[in-house]
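Working notes for the structure below.
Throughout, numbering of the chain's residues begins at 1 and tracks the sequence. None of these values were measured; they are calculated from a predicted model. Numbering of ligands and ligand atoms starts at 1, following listing order.
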Amino acid sequence: MHAHMYCNTKDTRQKTGGKLTSIEKYELNKNNSIPLYYQLEQMIKDMIDNEQLLPGQRAPSERELAETLGISRMTVRAAMSNLVADGYLFSVSGKGTFVASPKMHQNLLELNSFTEDMRKRGLKPGARLLEMDVSSEASSKVYWVLGLAEQEELIRIYRLRTADGEPMCLETSYLPRNLFPWLFEEDLESGSLYQALESRGIELARAEEQLEATVVRETESRLLTVPVGYPALLIERTTYTRGDKPIEYVKSLYRGDRYQFSVTLFSRKTKKSNRL
Ligand code: GLP
């Protein structure tokens with residue numbers, strides 16, 4: 001709660017469904033240096049955190065917010081468009097602005113498959129197999145990472161991954177063909193690649209990942225159902241077996257509005273002083 005910026009004047013616990021009554025409980029602070037659009041952004045984020053605005057619910061309209069809070073519609077528009085860009089709200093043309101589902105929180109310390117990850121959240125994992133072939137056109141990096149000579153064959157699997165039917169990420173995986181010729185018989189739409197590997201006795205032990213920010217391009221935008229230029233996270237993963245053999249190289253493009261990654265950092269200092 002950002003009490004220094006705006007105040008929540010009455011008890012807001014009761015779920016008022018985003019109606020005017022719940023906004024009336026807030027007041028923006030017009031006398032401090034924090035821009036009003038920013039205060040409004042924080043106020044709406046808090047309403048989402050406090051479950052006064054629930055996922056899928058219509059957000060208060062521009063007019064309601066402007067009138068109730070006594071601010072200009074331009075200020076409201078600035079706040080709302082930032083909240084849309086940050087993935088807190090989404091707009092449906094002709095219908096209004098709605099509260100988005102919370103971002104998927106992924107811990108970078110666990111080697112999980114997409115299927116496991118979604119199941120843990122109580123969501124139904126899914127995939128659309130867009131392409132699956134024997135590739136000879138992968139970049140030299142793929143061969144190098146997998147420790148293969150460039151004339152060796154790779155299986156390329158291009159999937160759109162979904163959670164409860166909603167597109168989440170696009171994934172291109174490369175695996176050495178000679179090790180997994182049976183992969184073509186697997187159902188990689190309703191089944192899991194990692195489960196298929198594990199059921200054949202391949203134990204996945206660790207993965208190296210690199211994350212970078214990017215934007216969604218045209219074909220990807222159609223598949224991920226977000227506009228061109230939308231923020232996204234590109235993750236490259238190399239997965240190793242228990243015997244430390246690299247067997248999978250994957251490039252995943254995650255929707256930036258739906259994902260949040262977290263990692264625990266430990267101090268390098270080991271001094272045992274002033275323990276709390
Ligand atoms: C995650 C990883 C991919 C991996 C996939 C396997 O999405 N980023 O590198 O290929 O999981 O998922 P599944 O076993 O559900 O097919």
With sequence neighbours excluded, what pairs up with [X] under the salt bridge (charged side-chain N to carboxylate O under 4.0 Å, His left out) test?
| X | answer |
| --- | --- |
| D86 | none |
| E67 | R63 |
| E208 | R206 |

* Using 4.0 Å as the upper bound for N to carboxylate O, is an ion pair formed by E189 and R159? ->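 Looking at E189 together with R159, the answer is no, because their closest N to O distance does not fall below 4.0 Å.
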Can you list every pair where an N/O of ligand 1 is under 3.5 Å from an N/O on the protein?
unit_1	atom_1	unit_2	atom_2	d
ligand 1	7 (O)	E171	OE2	2.4
ligand 1	8 (N)	E171	OE2	3.3
ligand 1	10 (O)	E248	OE2	2.6
ligand 1	11 (O)	F114	N	2.9
ligand 1	12 (O)	F114	N	3.2
ligand 1	12 (O)	R161	NH1	3.3
ligand 1	14 (O)	S192	OG	2.5
ligand 1	14 (O)	L193	N	3.1
ligand 1	14 (O)	Y194	N	3.0
ligand 1	15 (O)	T115	N	2.9
ligand 1	15 (O)	T115	OG1	2.3
ligand 1	15 (O)	R161	NH2	3.0
ligand 1	16 (O)	R159	NH1	3.0
ligand 1	16 (O)	R159	NH2	2.9
ligand 1	16 (O)	R161	NH1	3.3
ligand 1	16 (O)	L193	N	2.8

* Asked: Using a distance-only test with no angle check, is there a side-chain donor-acceptor pair under 3.5 angstrom linking E41 and Y37?
  -> no
* To do: Please round to the nearest 0.5 Å and tell me the distance separating atom CG of D133 and atom CZ of R156.
  =>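 Rounded to the nearest 0.5 Å, the CG-CZ separation comes to 4.0 Å.
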